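So the structure is just underneath, and the comments pick up after that.
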Amino acid sequence: MNSKKLSLVLTILVTLISIGIGVVAQDAPVNFISTQFNIVEEAEKARTVLADAGVDVAFVTSEEGPMLDLLKAEGEAGAGANDVVGALHGSFPTLAGAELMFDLTDLLATIEESGDVNDAYAELGRMGTEDFQYYIPWMQATYTMAAHVDALEYLPEGADLNALTWDDVVAWAIALEDAKGAPQLGLPAGGLINRFMQGAAYPSFTGGMVTTYNTPEAVAMLEFFHNELWPHVNPQSISYAFMNEPLLSGEVMLAWDHVARLKPAFDAEPDNFVAFPSPAGPAGRGFMPVIVGLGIPYTAPNPEGAEALIQYMLSPETQGAILRDLGFYPVVGGVDTSALPAGVAKQFEAVQTQATSEDAIVALLPVGLGARGGELNVFYVDLFNRVIVGGEDPQTVLDELAPGLQTLMDETGAACWSPDPASEGPCQLLTGDM
C-alpha cells in the first residue's frame, strides 16, 4: 500500500476510534465486510437474511484487493473497524500470512454442537496447520450448465445429461443450430470466462490449471474450443456477463455459468430449464467449487458480536435461507431442502451430481495471490479472446503469455493449488520456452 493510501486509512481509523467505535457497548453493531454479494440486488437479499441475526449488522461489500489493503492497514494500526470478514478461500492465505486473524477453533467446535460442518471445507480453513482455524466455511457455490427443456429433444442419442462430454456438447450445439437456424450455445465471455478457462476447460483437458498452462494438452484444448465449439457459440456471447438473461430471452438454449448467475432463470421459469454438470474432457470432469469463509480479524472492535453472527450464519436455518434466496449452497448438515423452490431444487441436484461424479476434477479458485489475484485472470481471459475467439496460433500465444504467468507465481510465492500438485515454493509451469 502506498503511503498516501495508508495515511488515509489510518486517519479514518483514528476518527472512528475517537468517536467511540473502539469502545464496544453491549448493543454495538457488528461490522461485516464481504467480497461476496457485491451486486446491488444480492446485497439487499443478504441484508434481509442478516436482519434476523439477533445483532445489529452493518453489511458492506468490497473488492478483494481494497479489502485486503484495509485489513492489513488496520493490523498495522493495531485497531480496526471490521468485525467479520467474508471472503473466498483464496483471500485468506494473505490474511493468515500477515497474522491478522483470530483462531476460531473453539467457535467451530461450538457450532458443530448443533450441526456438522463439512470436514473438507473446515480443513481448508486451517490453511495447512493442525490447530489454527483461520476461517470457518460459510457457503459454497460452483459453475454448471443449464438448458431450456425444449433443447432436450436435440440431445445426442445415447448421451447422459448428467455425464456429458465436451464432444457431446458440440454435437448438441450443432443439432440445435441446425434446427433453429442460429447458434444456441452461450458462454459468459463478457463475464466469468476466466473461471470457465481455469475451472472447466484447463482441468478437463490438461488435468491442471497453472502447471499445465503451456503444454501440448493445452494446445489441443485451445484447438478444440476454437475449431469445434466456438463456431457454434452465439456470437453475442462476447457481451454476455450473466447467462440467465439470454436464456430467458430465448437468445440461447444452452449455457454454462456460475449457479448464482443462472439462478434468476430458474426462479422465473423453473419448469422451462434443467441444470446439469459441466462436461468432461480427456482428463476428466473439471469443475470449480467456490468456497467462502468467515473470519474475525484480531483488530475487531466487537469480537463477541462477530462470534454470534458467525454462529447465526452457520445455523441450518440461515444456510437454508442463503440457498433459497442467494443461490449459495450449505456447508453444514441438517438443512431442510424438502420445500425448496422448484428452480433451486433443480440446481441443487445438479451441484450434488457434479461434486460426486466419478471423473470429477476439483479446481479450486486461485490461492495465495492476495491482491494480485486479478492478474492471474488476465492470462486466461487473453488466451480465450486471442485463441478461441480470435483464432491466433495457440502455441505462439502460450509462449508469449507463459513467462508472465511464471513471473506472477514467482513474485507472489504462490504455491500450486488443486488440481495442480502441491508445491513447496512458487508454482512452476511444466513446459514451454520460459
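Just so it is clear, the structure is predicted and the values come from calculations on it, not from any experiment. Below, all heavy atoms of this structure are taken into account, side chains as well, without hydrogens, waters or symmetry copies.
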Are side-chain N/O atoms of Gln354 and Asn162 paired as donor and acceptor at under 3.5 Å? no
Polar side-chain atom of Lys346 near backbone of Phe266 as donor-acceptor pair, under 3.5 Å: no
I'd like to know if the side chain of Gln133 pairs up with that of Asp106 as donor and acceptor (distance under 3.5 Å, no hydrogens or angles considered). no
Donor-acceptor side-chain pairing of Tyr240 and Glu245 below 3.5 angstrom: no
Please tell me whether Glu42 and Asn38 have a donor and an acceptor in their side chains that are separated by less than 3.5 angstrom. no
Test: Asp267 and Lys263 ion pair at under 4.0 Å: yes
So does Ala81 get a backbone contact from the side chain of Glu74, meaning a donor-acceptor N/O pair under 3.5 Å? yes
Does any part of the side chain of Met313, heavy atoms only, come nearer than 4.5 Å to the side chain of Leu50, both counted from C-beta? yes
Residues Gln319 and Tyr329: side-chain donor-acceptor under 3.5 angstrom: no
I need the Leu405 CG to Thr211 OG1 distance, nearest 0.5 Å. 10.0 Å
Any Lys/Arg nitrogen of Lys45 or Asp325 sitting under 4.0 Å from an Asp/Glu carboxylate oxygen of the other? no
Phe102 vs Tyr134, ring-ring contact (aromatic ring centres under 6.0 Å, His included): CA-CA, chis, key distance, verdict: CA-CA 7 Å; Phe102 273 125; Tyr134 289 97; over 10 Å; no
Just wondering, do Val49 and Tyr312 contact through their side chains at under 4.5 Å, heavy atoms? yes
Please report the C-alpha distance between Phe384 and Phe225 in whole Å, then the side-chain angles of each, then the deciding distance to 0.1 Å, and finally whether the ring-ring contact (aromatic ring centres under 6.0 Å, His included) criterion is met. CA-CA 9 Å; Phe384 178 88; Phe225 282 115; 8.4 Å; no
Output yes when a side-chain donor or acceptor of Asp420 lies under 3.5 Å from a complementary backbone atom of Met209, and no otherwise. yes
Between Thr35 (side chain only) and Glu63 (backbone N and O only), is there a donor and an acceptor less than 3.5 Å apart? no
Test Tyr213 against every option in Leu383, Leu430, Thr206 by the side-chain contact (heavy atoms from CB on, under 4.5 Å) rule and name the one that passes. Leu383
Listed partners of Glu123 passing side-chain hydrogen bond (donor to acceptor under 3.5 Å, both in side chains), at least two apart: Arg126
CG on Leu254 to CG on Leu247, rounded to 0.5 Å: 8.5 Å
Cationic N near anionic O, under 4.0 Å, Glu358 to Arg285: no
Are the side chain of Asn302 and the backbone of Ala28 linked by a donor-acceptor contact shorter than 3.5 Å? yes
Is it the case that the side chains of Ser91 and Glu64 hold a donor-acceptor pair, with the cut-off being a distance below 3.5 Å and no angle test? yes
For His89 and Tyr135, which I'm curious about, is there any donor-acceptor pair between the side chains at under 3.5 Å? yes
So, using ring-ring contact (aromatic ring centres under 6.0 Å, His included) as the criterion, who are the partners of Trp256 when residues are at least two apart? Tyr143, Phe196
Lys/Arg-Asp/Glu bridge criterion (N-O < 4.0 Å) met for Arg386, Glu400: yes
Dump the intermediate steps for side chain to side chain donor-acceptor pair (under 3.5 Å) on Gln36 and Ser34, then the final yes or no. CA-CA 5 Å; Gln36 304 303 293; Ser34 171; 5.8 Å; no
Asn214-Asp399 side chain donor-acceptor pair, cut-off 3.5 Å: yes
Is a donor on one side and an acceptor on the other found under 3.5 Å between the side chain of Ser357 and the backbone of Asp359? no
Donor on one side chain, acceptor on other, Thr212 and Thr215, under 3.5 Å: no
Going from CZ on Arg261 to CG on Asn244, what distance comes out if it is rounded to the nearest 0.5 angstrom? 9.5 Å
Quick one: closest heavy-atom pair of Ser237 and Trp230, and the distance? CB-CH2, 4.3 Å
